Amino acid sequence: MTERTERFDPRTYEAGWRERWAADDIYRADDDDPRDKHYLLTMYPYPSGDLHIGHWYAATGPDIVARMRRMQGLNVMFPMGFDSFGLPAENAAIDRGVHPWDWTEQNIDRMRTQFRSMGCMFDWSREVVSSDPSYYRWTQWLFIQFFNAGLAYKQMAAVDWCPKDQVVLAREQVEGADRHCWRCGTPVVKRDLEQWFFRVTRYADELLDFSKIDWPDPLRLMQTNWIGRSEGSEIDFAAEAAGVDPIRVFTTRPDTIFGATFMVLAPEHRAVATLTTDERRAEVEAYVAAARRETEIERMSAEREKNGVFIGAHAINPMTDERIPIWIADYVLPGYGTGAIMGVPAHDQRDYAFAVRYDLPIRYVVLPPGGEAPTGEAFVAHSADEVLVDSGEFTGMAAADAIAAITEELAERGQGEAAITYKIRDWLISRQRYWGAPIPIVYCDEHGPQPVPEGQLPVLLPRDVDFAPTGVSPLQSNAAFLAGSCPICGKPARRETDTLDTFVDSSWYFLRYCSPHDETQAWDPVAVMRWMPVDLYTGGAEHAVLHFLYARFFVKALRDMHHLDFDEPFMAVRNQGQILGADHHRMSKSRGNVVNPDDLTSRFGSDTVRCFLMFIGPWDQGGPWNPSSIEGVHRFLGRVWGVAQATSGQPRAVPGMPPAQSLAGEIPGSGGIAPDVVTAVEDGSRGLRRAAHRAIKEVGEDYGELHFNTALSKLMELTNALGAARDDGLAGTGAYAEAVEALLLLLAPMAPHITEELWSRRGKPYSIHQQAWPTFDAAMVVSEMIELPVQVDGKLRDRLTVAPDTSPEEIERLALASDRVQAYLKGRAPRKVVQIPGRLVNIVTPGD
RNA sequence: GGGCGAGUGGCGGAACGGCAGACGCGCCGGCUUUAGGAGCCGGUGUCGCAAGACGUGCGAGUUCGAAUCUCGCCUCGCCCACCA
């Protein structure tokens, strides 16, 4: 008889095991553990109030890997914390009158509890909270290091301003064609403000080098495009007016210089004021003023018609010695290149449109060999066989060669040089809001901006402020906070009231995890040497040009300041996909499509939710929420529950079979099968063992590659094989026990509770999560007989069942002997026989 | 406008250039159950009684053999976008 087991009800055991794991501290990562370290990191979340299903999705993947690596004998650190500075806390305070401190603390408490219900192996003893003074003290210390190294500076600049959030934004935080705020979606405007920056641009070149790290291609590509390196030349165009400096332009196509028939300056270009002639001045000033008033959206729109104003002055084309008019136009951006261009309408679409509108000459100077100048459009091809025409001594030269030759010629004359330009700008880090780390600077009337002495850190964020957004920092409303003193002369000095961008906090939290309780330094160098760099970092791809860029910059800058001795923070990065709402939109409270995991776990238990999330599809893909198959995953765990507790089985409808019980104990379990036992049972147990060993091989590989969906499908196959084996009377045999134990160990990372429960019920030692990962026997993985497809002209026509070591000659003989093959050959000899060992045979007919 | 990625059953999705559709959902049939639910067994790409034919967005190509590689289209998604 199949014995009765208790009904499968995860609610009876899940919470109990979680409590025991926490009490026993089994996930603590010990600095002194002699085994090899493995640092697994998943992005710490913003404590928005409730854990949603996306948090589960993001955390379960790396948790599975962490658990497997631990079972494989590595000393795993898998920490968790909270990115707890930021605007939502402040907005909640404004909307609901809760103080940001309290709002944040309540949310963290709540989310910590919810996180624990997932059964993830986070080492909570290492938790960091970025809004805690014990953390931001060191964020401030880091700012001072950057300041002292010349990597933090304050400058007046035209910056992006979000009118709704009343705060400046970094360039990376302005998104989309309509230039909107990354947080609230409001279109940004330009403002001239004095702001703090980190000098990211100094690291532009090194940030382009991904050779030491294993990151997803799309991520590397996005960063590369964002950094936007362009190689070209800077060229001086002499101004016609006497006593005026030449105007320098940047171009990637110096080979087209003979076609430069005008010059365009950005309206903000500093030469505009001196070059503009008196009769053009009124119009020019009006245009400049209008350009400054316009929003970024209006200015940057590509669809917009080009417009500009002639400033009355002329420059000299250094190659043709022609006089060319100087214009200003807002399609030339002040912050890129030199803020000035040579207008080559024949070879640039924008210049072409501008020239057509203002009737400027268009001269084609680079064409395909033997080609003719197009009419009505610019020729912007970049193929290698373009050739210069009408270009003086360079006529006939290939464009690629001309780029170097013309640049060299200009360099010899002292009128230009090869140059590299980047799109990336320095990182704007100051914010005019309350809930962030105060920038540790004081302003002395005599000594200017001075860093707060390190011994006086942290500069505490005062509780008592009016944080209604007014466009100036709320900290200005607190007189006591404002009153600092100059570290040089001791006289009263006003404190900086801007706070740091929260991306500064997250640019180093992975370092703090290494020694989170160190009160004397940002990190203990020994601990950082022990744990860093991160072996695998997982998180959402939405941070591609934000956090990933900043964190790399931090590590490289700190290395150059001799605070770190490695180049890259994250050796491998993988992005999980996003779980969308059932309506295929991003989950958001306003859409009402947010899925709350608490409801699901109370119905199905945490294991089912974990497995279901991993089964949805490829982890890096995500997808819309569709809970219809969660029942199937729950049923699977129910089958695991059943097969793992079967100690004997009744052969089902197999006439003439001896009772299964009689076999129990006779089969030692490692291949030594009693010779006289019924063949069917022998085959069954060998097949079961093969299934188990295959699963060990493949599930381990899949976990390592983060292919959780296929790993689970293979665990389902093993479970189904166990179910069939039980029904064939194999429960109680050694092979059966081996397969059940393999199943439990392999499933443990994904479903930690049920496997612990079943492991314990089998009388195995606590904890399954501290057992060694199973190993497979390669010989066990191969089948005794394989089925070989036989194709005729690439189409499947028959199958052969042969031993894996059958010779090719024998396989060919068997294949040609097939009636079905002969039906297509019609007595002729094959033209060719293709064999892929172990895979298939293809017989090519002579054809008609 | 530029770049990147993806198109496979009713659905989520499998498939080192080698048996397309693993695994699961759903559906159909059966067993069990007073019923509902749950469970178990079998079936399930399309057309066809069958033999068989046809099938991975469309069209070409490479190959003995293509979902997979190449080229050209179409559709969807993401990123960047007057970056000289």
Side-chain angles (χ1 to χ4, degrees), chain A residues 7-8 175-177 179 216-226 228-230 232-233 249-253 256 264 266 299-306 329-333 335-344 347-351 353-354 380 421-425 541-542 544-545 578 584 611-612 615-618 621 623-624 626-633 635-636 638-639 642 652-653 707 709-717 719-720 723 727 787-799 830-845 847:
Chain A
R7 214 168 74 83
F8 167 53
E175 298 181 336
R179 316 297 298 153
D217 288 340
L219 181 57
R220 300 201 314 215
L221 205 75
M222 272 192 260
Q223 289 216 2
T224 302
N225 291 341
W226 185 263
R229 178 188 158 105
S230 285
S233 306
V249 303
F250 174 75
T251 179
T252 54
R253 296 298 302 270
T256 65
V264 188
R299 172 111 181 233
M300 303 270 284
S301 167
E303 283 77 43
R304 184 178 173 211
E305 206 175 349
K306 303 274 174 295
D330 63 9
Y331 80 91
V332 176
L333 305 174
Y336 183 75
T338 61
I341 62 157
M342 58 181 198
V344 185
H347 303 292
D348 183 282
Q349 286 173 356
R350 296 153 302 185
D351 296 347
F354 194 76
V380 286
T421 292
Y422 302 89
K423 288 186 200 170
I424 192 173
R425 310 294 163 82
E542 67 273 15
V545 285
Q578 216 171 55
H584 293 234
C611 290
F612 169 64
F615 195 55
I616 287 175
Q621 227 170 278
N626 174 10
S628 65
S629 61
I630 193 166
E631 302 271 2
V633 174
R635 273 201 286 275
F636 156 68
R639 286 199 298 277
R652 188 167 43 82
H707 295 164
N709 57 330
T710 50
L712 188 55
S713 79
K714 285 157 192 168
L715 290 167
M716 287 172 168
E717 287 180 88
T719 304
N720 293 343
D727 293 343
E787 203 175 57
L788 216 54
V790 180
Q791 294 183 338
V792 177
D793 292 334
K795 296 200 175 201
L796 179 70
R797 297 301 180 190
D798 204 356
R799 294 164 197 281
R831 186 156 66 90
K832 190 174 177 183
V833 177
V834 180
Q835 280 204 43
I836 308 298
R839 300 293 301 196
L840 96 174
V841 189
N842 187 21
I843 289 158
V844 185
T845 63

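Being a predicted model, the structure only gives us computed values, none of them experimental. Residue numbers start from 1 in every chain, and the chains themselves are labelled A, B, ... in the order their sequence lines are given, proteins ahead of strands.
- Taking the six-membered ring where the residue is Trp, A:F354 and A:Y331 present tilted rings, their angle falling between 30° and 60°.
- Here the separation of B:rG55 from B:rC47, taken at their C1' atoms, is 11 Å to the nearest Å.
- For A:F250, the listed nucleotide lying nearest its side chain is B:rA84; candidates were B:rG24, B:rA84, B:rG18.
- For the pair A:K714 NZ and B:rC23 C1', the interatomic distance rounds to 10 Å; values are reported in whole Å.
- In this structure, CD of A:E717 is placed 13 Å from P of B:rG21, rounded to the nearest angstrom.
- Side chain of A:V332, nearest nucleotide from B:rA84, B:rC82, B:rG26: B:rA84.
- Along RNA chain B, the nucleotide nearest to A:S713 and the one nearest to A:R425 differ in position, and the one closer to the 5' end is contacted by A:S713.
- Between A:F250 and A:G337 the shortest heavy-atom distance is CB-CA, 4.1 Å.
- Distance check: A:F636 CZ to A:S629 OG gives 13.5 Å after rounding to the nearest 0.5 Å.
- Comparing B:rC28 with B:rG65, their C1' atoms are spaced 37 Å from each other, to the whole Å.
- Atom pair A:F612:CZ and B:rC23:P shows a separation of 19 Å (rounding to whole Å applied).
- Straight-line distance between the P atoms of B:rG17 and B:rA67: roughly 13 Å, to the nearest whole Å.
- Stretches of at least 3 consecutive Watson-Crick or G-U wobble pairs, with each checked distance under 3.5 Å, appear in RNA chain B as B:1-7 with B:74-80, B:10-12 with B:23-25, B:26-31 with B:39-44, B:45-47 with B:52-54, B:57-61 with B:69-73.
- Residue contacts for A:D217: at a heavy-atom cut-off of 4.0 Å it reaches no nucleic acid atom on any strand shown.
- Heavy-atom nearest nucleotides on RNA chain B were determined for A:T252 and for A:E787, and the one closer to the 5' end corresponds to A:E787.
- A:R253 contributes no side-chain N or O that, together with a main-chain N or O of A:T251, makes up a donor-acceptor pair within less than 3.5 Å.
- Expressed to the nearest 0.5 Å, how far CG of A:N720 lies from OG of A:S713 amounts to 10.5 Å.
- Between the C1' atoms of B:rG18 and B:rC23, the separation comes to 22 Å (whole Å).
- With rounding to whole Å, A:L796 atom CG is found 13 Å from B:rC54 atom P.
- Distance check on atom C1': B:rU44 versus B:rG24 gives 14 Å, rounded to whole Å.
- Taking atom CG on A:L712 and atom P on B:rC23, their separation rounds to 13 Å, with Å as the unit.
- The distance between atom CG of A:D348 and atom P of B:rG1, rounded to the nearest whole Å, is 16 Å.
- Here the closest heavy-atom approach between residue A:P618 and residue A:N709 is recorded as N-ND2, 3.5 Å.
- Regarding contacts with the backbone of B:rC19, every side-chain N or O of A:R799 stays at 4.0 angstrom or more from both OP1 and OP2.
- Comparing B:rG9 with B:rG21, their P atoms are spaced 14 Å from each other, to the whole Å.
- Rounded to whole Å, the separation between the P atoms of B:rC64 and B:rC73 comes to 28 Å.
- Of the inter-residue distances, the one linking A:T719 atom OG1 with A:K714 atom NZ reads 14.0 Å to the nearest 0.5 angstrom.
- Counting all heavy atoms, side chain and backbone alike, A:A266 lies closest to A:V332 at CB-O, 3.3 Å.
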Short heteroatom pairs, N/O only, protein and nucleotides 61-64 of chain B, under 3.5 Å:
| unit_1 | atom_1 | unit_2 | atom_2 | d |
| --- | --- | --- | --- | --- |
| B:rC64 | O2' | A:N842 | ND2 | 3.4 |
| B:rC64 | O2 | A:N842 | ND2 | 2.4 |

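- Only the P atoms considered, B:rA20 is 26 Å distant from B:rC71, to the nearest whole Å.
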task = Assign a letter to each nucleotide of nucleotides 3-15 of chain B from its 5' end: B, base within under 4.0 Å of a protein heavy atom; S, sugar-phosphate only; -, no contact.
result = SS-------BSS-
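- In B:rG10 the O4'-C1'-N dihedral to the base is more than 90° from 0, which defines an anti nucleotide.
- For B:rC82, the OP1/OP2 oxygens have no side-chain nitrogen or oxygen of A:K423 closer than 4.0 Å.
- Put simply, CD1 on A:I341 is 11 Å from P on B:rA84, counting in whole angstrom units.
- The two residues A:L333 and A:D330 make their nearest non-hydrogen contact at CD2-O, 4.2 Å.
- Residue-level contact check: A:G632 touches the backbone only, with heavy atoms under 4.0 Å from sugar-phosphate atoms and none from bases.
- Looking at A:D793, its side chain does come within 3.5 Å of a backbone N or O of A:T845 through a donor-acceptor pair.
- Residue-level contact check: A:R229 touches neither bases nor backbone, having no heavy atom under 4.0 Å from any strand.
- Residue A:Q349 places its CD atom among 12 or fewer non-hydrogen atoms of other residues, nucleotides or ligands, all under 6.0 Å distant.
- For the atom pair CZ of A:F615 and CD1 of A:I630, the computed distance is 12.5 Å after rounding to the nearest 0.5 Å.
- Using a 4.5 Å cut-off on side-chain heavy atoms (C-beta onward), A:R229 and A:K423 make no contact.
- No option in A:I843, A:N842, A:V841 other than A:N842 meets the side-chain contact (heavy atoms from CB on, under 4.5 Å) test with A:V834.
- For A:R635, whose side chain is taken as the heavy atoms from C-beta onward, the closest listed nucleotide among B:rG39, B:rG18, B:rC19 is B:rG39.
- Here the C1' atom of nucleotide B:rC27 and the CD atom of A:E631 are 16 Å apart, to the nearest Å.
- For A:R639, a side-chain nitrogen or oxygen approaches OP1 or OP2 of B:rG24 to under 4.0 Å.
- In this structure, A:S230 reaches the B:rA84 phosphate: one of its side-chain N or O atoms is under 4.0 Å from OP1 or OP2.
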